[in-house]
There are 2 protein chains.
Amino acid sequence: MNPYGVVVTKKKFVPFAFIAVDIVVLTIRDRQLQVIAVRRGEEPDVGKLALPGGFVKKDEDLEAAARRELVEETNLEVEFLEQVKTYGAPDRDPRGRTISVLYVAVVPDLPEGEAGTDATEALWVPVVELEKMSLPFDHSIMLADAVERARAKLEYSPLAASFCREPFTIGQLRRVYEIVWGKQKYDIDPANFQRKVLSAKDFVVATGEVVSDGPGRPAREYRLGTASILNPPVTR
Amino acid sequence: MNPYGVVVTKKKFVPFAFIAVDIVVLTIRDRQLQVIAVRRGEEPDVGKLALPGGFVKKDEDLEAAARRELVEETNLEVEFLEQVKTYGAPDRDPRGRTISVLYVAVVPDLPEGEAGTDATEALWVPVVELEKMSLPFDHSIMLADAVERARAKLEYSPLAASFCREPFTIGQLRRVYEIVWGKQKYDIDPANFQRKVLSAKDFVVATGEVVSDGPGRPAREYRLGTASILNPPVTR
DNA sequence: CAAATAGTGTCTCTTAGACAGTATTAT
DNA sequence: ATAATACTGTCTAAGAGACACTATTTG
């Protein structure tokens with residue numbers, strides 16, 4: 001089955017293709033960077049894990065399609081979606097020429113079973129696990145590209161806060177950086193990190209509250225500030 | 001004319017769309033950041049200036065399509081093409097649903113008339129001029145996105161050297177930064193810039209030659225080094 | 001000669017990182 | 001009390017920018 005058709009514009013034949021979106025949704029669960037995956041219910045690769053995604057509808061915006069597919073397949077509603085890259089190798093989908101636009105999103109740690117545990121069969125998988133598996137289409141490359149984008153954005157954007165539920169503490173934020181960047185506990189100096197975050201203008205604002213969680217001195221609580229770029233950046 | 005068709009996969013109707021690529025090619029001419037534009041020969045917007053680009057062929061890779069269109073419409077062959085973003089608003093092209101993948105490229109200052117002065121009607125236009133014009137489709141947004149990408153990449157990649165023919169001098173490189181970032185002459189301190197470039201590991205390597213061009217002490221010549229990211233970066 | 005450009009030296013200020021030390025909690 | 005976490009203080013080294021100064025060309 002080949003979707004290629006032609007439409008005559010003046011004297012030219014113009015081929016066309018299916019348009020798809022795929023989404024890498026990242027979160028931190030169990031002190032690991034995890035990604036949501038769905039089990040494929042259709043050929044090709046029925047039964048294999050894959051990134052959520054699907055075809056864009058007529059008159060549907062690309063980002064809207066990504067949101068819709070995410071809800072349909074994983075029950076997840078995300079705030080921000082960032083377009084990462086578009087994949088269009090002629091043979092990337094055996095069903096016919098398909099162009100796929102990749103998005104990445106980040107969500108805070110969710111209560112167990114809030115997403116994907118219903119009939120939809122979506123599940124959280126540690127990124128390092130999914131990277132080892134054989135994924136359909138070019139989903140392995142997509143995963144790598146999206147994770148690298150997220151890692152890079154931690155440096156110069158407030159993305160890290162998207163992994164936390166508000167209000168959050170500086171310690172929680174530090175753990176996000178450690179985990180997403182694959183560092184060991186305390187590889188990032190808590191003292192220096194504290195100053196770095198607080199010196200980045202409008203990254204976070206204190207609520208005035210403190211919260212005690214486990215042993216140790218209670219931590220001040222913060223909310224995300226208005227900054228869209230961190231200055232100075234948080235270096236890797 | 002609406003290109004939307006449907007193909008049955010199991011029980012679903014899958015719409016499809018035209019796939020296009022557009023390219024922003026930047027250079028420095030006449031101490032200005034310029035972009036190559038083509039005059040449209042087809043509806044819509046016949047006669048208007050637009051970014052070069054066109055439809056992707058059956059079994060053609062996206063980047064290959066961008067290179068082909070660039071040669072066809074502007075006679076330009078570029079080394080590196082970087083994918084910037086994909087535009088897919090349902091109504092962005094009146095001829096029917098079209099998804100366009102945007103690429104950006106950079107070329108050194110070319111001898112007058114080397115590109116685009118034949119029948120193809122391609123011409124170099126200062127970016128500030130083209131930004132003021134009404135462009136077809138969403139080309140104005142594309143132009144802004146591509147220019148911003150190039151400005152950002154100057155900081156942490158050796159992109160600036162792509163604006164120069166090898167070998168080049170540090171002074172020529174400095175002018176690239178000044179012009180692309182829209183700074184006045186000597187806004188960037190030549191002394192500090194020199195050290196910055198030479199301290200960025202593998203950014204440039206000296207050829208050992210010197211060249212004299214106009215008044216002033218002759219400058220050492222350099223070639224691009226092997227670095228793909230600049231460390232430390234050249235800050236804006 | 002003056003003007004222009006290339007390149008070095010040096011000073012100051014800021015920032016990054018290492019690390020010691022204090023504060024406050026759970027157990 | 002001990003361990004764990006939060007936070008402050010302080011020192012050092014490196015980098016950014018300002019600017020004086022030297023070197024070498026054109027006109």
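Values below: every heavy atom of this structure, side chains too, minus hydrogens, waters and symmetry copies. Lettering of chains follows the sequences in order, A, B, ..., and the numbering in each one begins at 1.
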(message) For D:dT8 and A:Arg217 - does any side-chain N or O of the residue sit under 4.0 Å from the phosphate oxygens OP1/OP2?
(response) no
(message) How many whole angstroms separate atom OH of A:Tyr186 from atom P of D:dA3?
(response) 14 Å
(request) Under 4.0 Å between any heavy atoms, over every strand shown, what does B:Ala219 touch: base, sugar-phosphate, or nothing? Just pick one. (result) sugar-phosphate
(message) Nearest whole Å is fine: how far is D:dA4 P from A:Lys185 NZ?
(response) 8 Å
(message) I want to check something: taking the side chain as every heavy atom from C-beta on, are B:Asp145 and B:Tyr87 in contact at a cut-off of under 4.5 Å?
(response) yes
(request) Determine whether any donor atom in the side chain of B:Asn192 lies under 3.5 Å from an acceptor atom in the base of D:dA18, or the reverse, and answer yes or no. (result) yes
(message) Tell me whether A:His139 contacts the main-chain N or O of A:Ala50 through its side chain, where contact means a donor paired with an acceptor under 3.5 Å.
(response) no
(request) Record whether the side chain of A:Arg195 comes under 3.5 Å of the base of D:dG9 through a donor-acceptor pair of N or O atoms. (result) yes
(request) For a side-chain contact (heavy atoms from CB on, under 4.5 Å) with B:Val38, tell me which candidate from B:Glu72, B:Glu73, B:Lys48 qualifies. (result) B:Glu73
(message) Return whichever of B:Pro215 or B:Arg236 has its heavy-atom-nearest nucleotide of DNA chain D closer to the 5' end.
(response) B:Arg236
(request) Select from B:Pro190 and A:Thr235 the residue whose nearest nucleotide in DNA chain C is closer to the 5' end of that strand. (result) B:Pro190
(request) Find the distance B:Asp187:CG to D:dA16:P and express it as a whole number of Å. (result) 18 Å
(request) Provide, to the nearest angstrom, the distance between the CD atom belonging to A:Glu209 and the P atom belonging to D:dA6. (result) 17 Å
(message) More than 12 heavy atoms of other residues, nucleotides or ligands under 6.0 Å from CG of A:Asp202: yes or no?
(response) yes
Show the atom names and distances, to 0.1 Å, of all donor-acceptor pairs under 3.5 Å that link a side chain in residues 227-236 of chain B to residues at least two apart or in another chain.
unit_1	atom_1	unit_2	atom_2	d
B:Thr235	OG1	B:Lys196	NZ	3.0
B:Arg236	NE	B:Glu155	OE2	3.1
B:Arg236	NH2	B:Glu155	OE2	3.2

(request) For DNA chain C, note the earliest and the latest nucleotide, 5' to 3', having some atom under 4.0 Å of a heavy atom belonging to chain B. (result) C:dA4 to C:dT10
(message) Given 3.5 Å as the limit, does a donor-acceptor pair link the side chain of B:Thr74 with the main chain of B:Ala122, or not?
(response) no
(request) Provide, to the nearest angstrom, the distance between the CG atom belonging to A:Asp189 and the C1' atom belonging to D:dT12. (result) 15 Å
(request) Could you tell me whether A:Phe193 contacts a base, only the sugar-phosphate backbone, or nothing, with contacts defined as non-hydrogen atoms closer than 4.0 Å? (result) nothing
(request) Verify the neighbour count for atom CD of A:Glu166: are there more than 12 heavy atoms of other residues, nucleotides or ligands below 6.0 Å? (result) yes
(request) Using whole Å, report how far CD of A:Glu221 lies from C1' of D:dA6. (result) 14 Å
(request) Would you kindly give the CG-to-C1' distance between B:Asp213 and D:dG27, to the nearest whole Å? (result) 15 Å
(request) Report the residue (B:Pro233 or A:Gln172) whose heavy-atom-nearest nucleotide on DNA chain D is the more 5′ of the two. (result) A:Gln172
(request) Please report, rounded to the nearest Å, how far the P atom of D:dA6 is from the CD1 atom of A:Ile188. (result) 13 Å
